[in-house]
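Worksheet: one structure, shown below.
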Amino acid sequence: MKAIIQDLDYRQISALAADMGQPAFRAKQLYEGITQGKDISQISTLPETFRQRLLNEFEDCALRIEKVFAGADGTKKFLFSLADGNVIEGVLMSYKYGNTQCVSTQVGCRMGCKFCASTLGGLVRNLTPGEILSQILKVNALCGGTREKRAVTNVVLMGSGEPFDNYDNVVAFLKNLTCAEGLNVSPRNISLSTCGLADRMYDFAKEGIPLNLTVSLHATADAERARTMPVANKWKISQILQACDNYFKVTGRRFIFEYSLIAGENCDERHAGELIKLLKGRPCHVNLIRLNEVKERSLKAADEKNAYRFLGMLQKGGLSATLRRQIGADIGGACGQLRASYLKMNGEDGAPGSPPG
């Protein structure tokens, strides 16, 4: 596998073009072509000799859209293939304020959360900054977006993988995503979800990218959390809360807790009271999620009545809380479901073949 040119920022692209004997405006043409979601061979503004030199060193295409699945509610799910034959997935969700794309940061995941399909096959490898960015570049282009008028208005790092387990590559991706020469996405329009790697939460607060930090909580006590989230054996809830407080202190941005409602596990009156006691007075918001059931797991989602009952208890107790609209269920909207289905159809090694659907 060759290098990925989308890994490079504008300064590095400029240096690359200069090293290849090209004038400065060629670097701008190259970077604009990449930002438009084009493969190297598709950037027609570049001389053929320059394109060929680039193709000798870099993959023509970091990532391809293999198939698109459309949900009845307008949600679109994408199966992407990488240059090395691995597959990942992403989701584009439509809201009144624009379109939000959920991207993957790893091929698979090693966190082992019991409610998530991403971790079923473990971690295969980290994605490079350019592979993460290319998910957005390709979808933005497919939907008719440009750099100036993006079809993808918001980005969430909530797909397959734990972003902070791929820390350096994710930070590099975020810097490319937010830079003025590229898509120039505001950090306020970006959310990053972590299962609670507290040490990396402290590190990220110093990066100068004040995005929306979301923590997957899903329980009110460490022992209960450990039943579905092995990461709880290393990082306690108290340590996560301290890291969240630090993030607010450094960035001024309130933090968000995701809380999946699992029937018989975490959403009765006792849990509501404990969650209120744990979070009341903190600059945070609770995003309740009706569990998107994974057939390989035994966990069941709370029904709609109990979900709204739990929401009401939190709001009455003084917490800022909402129940996330359930979208994409008819196309396997939960992270990892599409890739898991693809790998099952093609054998455990995930060799290329016909995607499901």
Side-chain angles (χ1 to χ4, degrees), residues 7 9 11 100-106 109-111 113 123 126-130 132-133 136 153-180 182-220 222 225 229-259 275 278-287 289 319-322 335:
D7 287 346
D9 60 25
R11 179 184 57 80
T100 296
Q101 184 174 347
C102 181
V103 300
S104 293
T105 56
Q106 296 177 309
C109 182
R110 64 174 177 170
M111 294 296 106
C113 298
L123 176 65
N126 288 327
L127 295 180
T128 73
I132 305 172
L133 180 63
I136 301 167
T153 56
N154 297 68
V155 175
V156 294
L157 284 72
M158 298 181 184
S160 296
E162 161 57 54
F164 284 162
D165 192 39
N166 185 18
Y167 186 85
D168 291 339
N169 286 337
V170 165
V171 169
F173 151 72
L174 290 169
K175 290 180 178 178
N176 278 346
L177 181 65
T178 56
C179 74
L183 290 180
N184 197 24
V185 178
S186 168
R188 290 182 176 273
N189 291 340
I190 305 171
S191 296
L192 182 152
S193 179
T194 176
C195 63
L197 305 188
D199 54 344
R200 287 307 195 183
M201 292 167 67
Y202 281 102
D203 292 339
F204 190 73
K206 304 173 187 176
E207 295 288 352
I209 312 173
L211 49 69
N212 303 300
L213 182 65
T214 300
V215 179
S216 295
L217 190 60
H218 309 312
T220 57
D222 292 323
R225 192 166 186 259
M229 301 182 70
V231 70
N233 292 308
K234 181 172 183 180
W235 298 111
K236 306 304 180 186
I237 292 176
S238 60
Q239 294 172 303
I240 292 171
L241 292 178
Q242 289 170 3
C244 287
D245 290 340
N246 177 73
Y247 189 78
F248 176 75
K249 180 180 179 181
V250 173
T251 67
R253 304 302 307 277
R254 72 170 182 168
F255 37 92
I256 300 168
F257 291 106
E258 289 184 323
Y259 195 94
L275 196 57
L278 194 66
L279 301 181
K280 190 172 182 179
R282 295 181 183 273
C284 67
H285 177 80
V286 180
N287 189 6
I289 306 165
L319 291 187
S320 170
T322 51
C335 54

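Y202 places a side-chain heavy atom less than 4.5 Å from the side chain of N246. For the pair M201 and F164, the minimum side-chain heavy-atom distance is below 4.5 Å. Taking 4.5 Å as the limit, every side-chain heavy atom of T214 sits out of range of all side-chain heavy atoms of N287. At a threshold of 4.5 Å between non-hydrogen side-chain atoms, the residues C244 and V215 count as touching. At a threshold of 4.5 Å between non-hydrogen side-chain atoms, the residues L278 and F257 do not count as touching. Between V103 and L127 there is no side-chain heavy-atom pair separated by less than 4.5 Å. At least one side-chain heavy atom of S216 sits less than 4.5 Å from a side-chain heavy atom of M229. Put simply, the side chain of L157 reaches to within 4.5 Å of the side chain of F173, judged on heavy atoms.
For D222 (side chain) and A232 (main-chain N/O), no donor-acceptor pair under 3.5 Å exists by modelled atom type. Put simply, the side chain of D7 gets close to the backbone of G130: a donor and an acceptor are under 3.5 Å apart. Within the 3.5 Å criterion, the main-chain N or O of P230 finds a donor-acceptor partner in the side chain of N233. Here the side chain of T194 pairs a donor or acceptor atom with the backbone of G196 at under 3.5 angstrom. Side-chain atoms of N126 do not come within 3.5 Å of backbone N or O of Q106 as any donor-acceptor pair. Side chain of E162 to backbone of C109: no donor-acceptor contact under 3.5 angstrom is found. A distance-only check finds no donor-acceptor pair linking the side chain of R110 to the backbone of L123 [under 3.5 Å].
Between L133 atom CG and K175 atom NZ the span is 15.0 Å, to the nearest 0.5 Å. Note that the CG atom of L213 and the OG1 atom of T251 stand 8.0 Å from one another [nearest 0.5 Å].
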Item to check | Working for side-chain contact (heavy atoms from CB on, under 4.5 Å), residues L197 and Y167 | outcome: CA-CA 10 Å; L197 305 188; Y167 186 85; over 6 Å; no
Checklist entry - Between L217 and R225, is a side-chain contact (heavy atoms from CB on, under 4.5 Å) present by the stated rule, with each step listed? => result CA-CA 8 Å; L217 190 60; R225 192 166 186 259; 4.2 Å; yes
Checklist entry - Do R253 and N212 pass the side-chain contact (heavy atoms from CB on, under 4.5 Å) test, and can you show the C-alpha distance, the side-chain angles, and the key distance before you say yes or no? => result CA-CA 7 Å; R253 304 302 307 277; N212 303 300; 2.8 Å; yes
Item to check | Working for side-chain contact (heavy atoms from CB on, under 4.5 Å), residues I132 and N166 | outcome: CA-CA 11 Å; I132 305 172; N166 185 18; 4.3 Å; yes
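In this structure, A198 and Q239 approach most closely via the heavy-atom pair CB-O, 4.1 Å.
Relative ring orientation between H218 and Y259 is described as tilted, the plane-to-plane angle lying within the 30° to 60° band.
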